[in-house]
Peer 1: 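Sharing a structure, written as structure tokens. Questions coming.
As a basis for the values below, the full set of heavy atoms in this structure was taken, side chains included, without hydrogen atoms, waters or symmetry mates. Just so we're on the same page: letters track the sequence lines, and every chain starts at 1.
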Amino acid sequence: MAKNLLIVESPAKAKTIEGYLGKDFLVKSSYGHIRDLVKTDDAIDTDDNFKQKYEVPSDKKALVSELKKLAKSAETVWLASDEDREGEAISWHLYETLGLKDDKTKRIVFHEITKPAILKAIESPRKIDFNLVNAQQARRVLDRLVGFELSPVLWKKVKPSLSAGRVQSVAVRLIVERERDINKFNAEAAFKVVAIFNTGNQKDRFKAELPNRFPTVEEASQFLNDCANAVFNIKSLETKPSKRSPSAPFTTSTLQQEASRKLGFSVARTMQVAQRLYEAGRITYMRTDSVNLSDTALQGAKSEIINAYGDKYHKLRQFRTKSAGAQEAHEAIRPTYFNDHTIEGDNSEKRLYELIWKRSIASQMTEAEFEKTTAKINISTRSEDLVASGEIMKFDGFLKVYFESSDDDNDDIDLDNSDNSILPPLSNGQNLNLETMNATERFSRPPARFTEASLVKKLEELGIGRPSTYAPTISTIQNRGYVVKEDRDGKERSFKVLTLTDGKISEVTKTEITGAERNKMFPTDIGVLVNDFLVQHFKGIVDYHFTAKVEKEFDEIAQGFKEWTHMLSNFYGPFHSEVQNTLDNADRATHERELGIDPVSGKPISVRVGRFGPLVQIGSADDEEKPAFASLRKGQMIETITLEEALELFKLPKKVGEFEDKEMTVAIGRFGPYIRHNSSFYSLPKGLDPLDVEQDQAIEIIKEKRQKDKDKVIKVFDENPDAKIENGRWGPFVRFGKQNLKIPKGTEVEKITYADVLKWAEEDPKAAGSKKAKTTKTTKAKKK
DNA sequence: CAGTGAGCGAGCTTCCGCTTGACTT
């Protein structure tokens, strides 16, 4: 039996450390927390100094008894959980639960998983820091009290099974308020002037812009008119050097943002893939708020950069964490071995690793150097100047490996697609030829909707949530139905373009699609309802700065300046009376809106949330004739739907005639408008209004879809016409009745036999059972 | 991808943060 038992939080870490220490050390993992508050309402006794009831969850029982046994036979137990609030609490829980003895227990911490760092840690053990533990208890208890008192208020006043919490409710609030800002926003139009000049040589074309915009078409037109007979020359030339520095290496949040922008990953996917890389030993720990690199990492990056790019590309950089509430128990996310530029693995692993490698390497590289030239162009007939600017890279520096993307997309209209960042050689006073000049009507843009990743960024800025909870929080608010992540179609908008060429001005009206969104976060009606209720009755909790405020107090507890139960009773007293007061006095939250009167029947029209979601109702329940109902569609909300839009909803589904003796119906479903015929669904082509569809057109669409489906079939098996090989979106696959089977890698499609199909169908994991285990629960709940 | 849309009200739901595997219908 080993003399020493060392316990860390993560099994992957345990494996690495075991290799560094001799056989005198047995290294085990606690797999995070080993116990938690009991799940019932009596977990905390608010009348007895917030005394807590803990339990070891059932899935941790076996682990705990194993650790207990090992601890008993060890001479010394080393508690090596992370050096932060939660880590300290894990050590304390281990100490209590495993029944450790004070003289046999040592607490150690290290920030990097290297042999010297761990040996050094072992040389300087300490005791458990109970100030830190108390800070964690305060955090844990506060979250439980808030969550388990607020949620039941929602069950009573809004709808059962809803939830509220210090983190999730603020996340929802951010999305709801952003949506309102967007709805409130009034786009202002103005004319932007862009000119294309040359220096007499057609090859040397370049772009110049007018710094200010014209609010009206008349002013823009006047400007172009003046320019028609003007002489243009260079008024001034200025060249300035500029530099750009690389960003810090990745934290959880910045990794999620970049993987979202560059690879299109959801935050959950990023974390899954990163976890696999971590377990394979390719990267350091992926849940971190630190931008710090260890000395070994700095050395590794340095030698790799000098090796691959040369001395002048290396620059030692130490980054400081700027995010609020960072605890920095780990390093930044970086490759474990910098000399591996790429790795083996699936596509997503390779791409994410490459992103991490590049960002880490770039963070230790020199600045990129530019020379920016700005030319002012005089217009003989006007007082304004046009401005042309160009940028030349003098030295690439870190840009050799990494280019960070940003959230802002550029909507400039480029008059030519060539690289307009370089200016031809110019000199002061030089005359220029105007090729063409445009005044284009541009609109100011509303605030951007959140993506998963930009929401994480915002939460991090506010100090809300932790690296380990960003992805789960994003999932929770979607699972509760407070927000949805989806695509929405934009609307058409027309804009004017004035063009001056060869001294003549022409005007055209063009159209563009505006407001189209992909993979963005939208609030739902229930999300709005819950948010407004919480803001009205619990302003303090859903305040954006609530977390920052209590974090400050947790820090004071951690430093021993404040008593944790004292802090909690200061909070809980007023909070609990707010809860009581709301339960006793607040009305049931409803979100009903009267839209007006139906012009056909003269009955009132209203919108509200029903049992199956938001709906429009014509007439009231008291009428003799039953009211008519229709569900709201994707993108429509109680808050913003208009009377006209509501009336539209009653025009569908609509019968459009018959085909093959069966009725055809047009309706709008989750995936857009469709024709339903003989229990099959046929999507309508984009841009076709479902109300306009007539019988002949519908038949055409059905026939076309059938032909397309036929064309997709590569082969039908003689043994069974329900088994076929088809061309799908991602290549060929086998359709076998209702099962869709993946063709194993390396299989030649022509050589697939029916026997293969039967075998694959047998092995298909989805075939065994895809039904949700929800049925048992609901039937149980139904019995009287 | 249908249409449905109350109600007498049993007994259920729920937090945040730390970490990975996992009963089988």
Side-chain angles (χ1 to χ4, degrees), chain A residues 8-14 29-37 39-41 43-44 57-60 63 81-82 84-91 93 136 139-156 159-169 272 275 278-279 285 287 327 329 464-470 472-473 476 480 541 547 608-617 621 626-631 633-634 653 665 667-676 679-683 768-778 780-784:
Chain A
V8 293
E9 290 181 36
S10 146
K13 221 189 221 182
S29 158
S30 73
Y31 293 80
H33 275 292
I34 51 145
R35 65 176 189 178
D36 192 14
L37 294 172
K39 285 174 202 53
T40 45
D41 286 341
I44 294 150
S58 55
D59 57 331
K60 287 285 175 75
L63 170 73
S81 47
D82 297 343
D84 58 15
R85 215 158 56 198
E86 298 297 326
E88 203 67 21
I90 287 173
S91 277
H93 284 307
Q136 192 272 348
R139 200 280 305 156
R140 181 69 190 90
V141 170
L142 181 130
D143 281 336
R144 167 58 68 88
L145 290 172
V146 169
F148 274 42
E149 295 214 5
L150 278 192
S151 300
V153 177
L154 296 180
W155 306 343
K156 268 220 166 120
K159 198 175 117 169
S161 302
L162 295 175
S163 66
R166 173 177 58 85
V167 173
Q168 58 169 284
S169 297
Q272 277 164 18
Q275 176 86 29
Y278 169 64
E279 282 170 13
Y285 198 55
R287 290 187 275 264
Q327 308 206 1
I464 299 172
R466 304 278 313 129
S468 68
T469 59
Y470 294 140
T473 301
T476 300
R480 294 270 176 276
I541 305 295
T547 290
R608 66 187 162 90
V609 180
R611 218 150 75 79
F612 302 102
L615 61 92
V616 189
Q617 179 175 344
K626 272 197 170 178
F629 297 101
S631 294
R633 296 211 185 107
K634 177 174 157 183
T665 325
I668 295 186
R670 231 159 41 87
F671 307 131
Y674 64 92
I675 301 167
R676 191 184 160 88
S679 76
S680 294
F681 299 91
Y682 303 87
S683 307
S770 57
K771 283 236 172 112
K772 285 171 193 146
K774 226 181 164 181
T775 42
T776 50
K777 217 173 182 179
T778 42
K780 241 185 223 165
K782 279 245 164 93
K783 79 166 198 256
K784 273 224 158 168

Peer 1: Find the distance A:Asp36:CG to B:dT14:P and express it as a whole number of Å.
Peer 2: 15 Å
Peer 1: Of A:Phe681 and A:Ser10, whose closest DNA chain B nucleotide lies nearer the 5' terminus?
Peer 2: A:Phe681
Peer 1: Just to be sure I understand the rule, does A:Pro653 reach a base, reach only the sugar-phosphate, or reach nothing, if contact means heavy atoms closer than 4.0 Å?
Peer 2: sugar-phosphate
Peer 1: Which heavy atom of A:Leu154 sits nearest to which heavy atom of A:Ala164, and what is that distance?
Peer 2: CD1-CB, 3.8 Å
Peer 1: Using only side-chain N and O atoms of A:Ser468, determine if any of them is under 4.0 Å from OP1 or OP2 of B:dC18.
Peer 2: yes
Peer 1: To the nearest angstrom, how far is A:Gln136 atom CD from B:dT19 atom P?
Peer 2: 13 Å
Peer 1: Roughly, in whole Å, what's the span from CD1 in A:Ile90 to P in B:dT20?
Peer 2: 11 Å
Peer 1: Indicate yes or no for a side-chain donor-acceptor contact from A:Thr473 to the backbone of A:Thr469 under 3.5 Å, with no hydrogens or angles considered.
Peer 2: yes
Peer 1: Under the side-chain contact (heavy atoms from CB on, under 4.5 Å) test against A:Glu9, which residue among A:Ser81, A:Ser29, A:Ser91 passes?
Peer 2: A:Ser81
Peer 1: With C1' as the reference atom in both, quote the distance from B:dT13 to B:dG9 in angstrom, rounded to an integer.
Peer 2: 16 Å
Peer 1: Do A:Ser161 and B:dT13 share a donor-acceptor pair, side chain to base, under 3.5 Å?
Peer 2: yes
Peer 1: Any base atoms under 4.0 Å from A:Tyr285, or only sugar-phosphate, or nothing? Heavy atoms, all strands.
Peer 2: sugar-phosphate
Peer 1: Ignoring hydrogens and angles, are the base of B:dC16 and the side chain of A:Arg139 linked by a donor-acceptor pair under 3.5 Å?
Peer 2: yes
Peer 1: Could you check whether A:Gly32 gets within reach of a base, just the sugar-phosphate, or nothing at all, counting any heavy atom under 4.0 Å?
Peer 2: base
Peer 1: What nucleic acid atoms does A:Tyr470 come within less than 4.0 Å of, heavy atoms only: base, sugar-phosphate, or nothing?
Peer 2: nothing
Peer 1: Could you check which of B:dC18, B:dC15, B:dT19 has an atom nearest any side-chain atom of A:Pro11?
Peer 2: B:dT19
Peer 1: Given atom CD of A:Glu9 and atom P of B:dT19, what is their separation to the nearest angstrom?
Peer 2: 5 Å
Peer 1: Looking at B:dT20, B:dC18, B:dG5, which one has an atom nearest to any side-chain atom of A:Asp82?
Peer 2: B:dC18
Peer 1: Round to a whole Å and report the spacing from CG of A:Asp59 to P of B:dC18.
Peer 2: 18 Å
Peer 1: Choose from B:dT19, B:dG5, B:dT14 the nucleotide whose nearest atom is closest to any side-chain atom of A:Ser631.
Peer 2: B:dG5
Peer 1: Give one of base, sugar-phosphate or nothing for A:Gly465, where a contact means two heavy atoms less than 4.0 Å apart.
Peer 2: sugar-phosphate
Peer 1: Strictly distance-based, threshold 3.5 Å: is any side-chain N or O of A:Lys60 a donor or acceptor partner for the main-chain N or O of A:His33?
Peer 2: yes
Peer 1: Rounded to whole Å, how long is the line connecting atom CZ of A:Arg466 with atom P of B:dG17?
Peer 2: 8 Å
Peer 1: Could you tell me how far apart A:Lys60 (NZ) and B:dA22 (P) are, to the nearest whole angstrom?
Peer 2: 13 Å
Peer 1: Identify whether any heavy atom of A:Glu149 sits under 4.0 Å from a base atom; if not, whether one sits that close to sugar-phosphate; answer base, sugar-phosphate or nothing.
Peer 2: nothing
Peer 1: With centres under 5.5 Å and planes under 30° as the test, does A:Trp155 stack with B:dT13?
Peer 2: yes
Peer 1: With a non-hydrogen cut-off below 4.0 angstrom, is A:Thr469 in contact with a base, only sugar-phosphate, or nothing?
Peer 2: base
Peer 1: Given B:dC16, B:dT19, B:dT14, identify the nucleotide with an atom nearest to the side chain of A:Arg140.
Peer 2: B:dC16
Peer 1: Using a 4.0 Å heavy-atom cut-off, does A:Arg480 contact any base of the nucleic acid, only the sugar-phosphate backbone, or nothing at all?
Peer 2: sugar-phosphate
Peer 1: If I take atom NZ in residue A:Lys13 and atom P in nucleotide B:dT19, what distance separates them, rounded to the nearest angstrom?
Peer 2: 8 Å
Peer 1: Would you indicate what A:Val167 reaches in the nucleic acid, counting non-hydrogen atoms under 4.0 angstrom: base, sugar-phosphate, or nothing?
Peer 2: sugar-phosphate
Peer 1: Using distance alone, with no hydrogens and no angle criterion, decide if A:Arg480 and A:Ser163 have a side-chain donor and acceptor under 3.5 Å apart.
Peer 2: yes
Peer 1: Quick one: do the A:Ser10 and A:Tyr278 side chains pair a donor with an acceptor below 3.5 Å?
Peer 2: yes
Peer 1: Under 5.5 Å centre to centre and under 30° between planes: does that hold for A:Phe148 and the six-membered base ring of B:dT14?
Peer 2: yes
Peer 1: With respect to the phosphate group of B:dC15, does any side-chain polar atom (N or O) of A:Gln168 fall under 4.0 Å of OP1 or OP2?
Peer 2: yes
Peer 1: Given B:dC1, B:dC16, B:dT20, identify the nucleotide with an atom nearest to the side chain of A:Arg166.
Peer 2: B:dC16
Peer 1: Can a donor-acceptor pair under 3.5 Å be found between the side-chain atoms of A:Arg676 and the base atoms of B:dC1?
Peer 2: no
Peer 1: Base, sugar-phosphate alone, or nothing: which one does A:Ala667 contact when heavy atoms must sit under 4.0 Å apart?
Peer 2: nothing
Peer 1: Under 6.0 Å between the ring centres of A:Tyr682 and A:Tyr674?
Peer 2: no
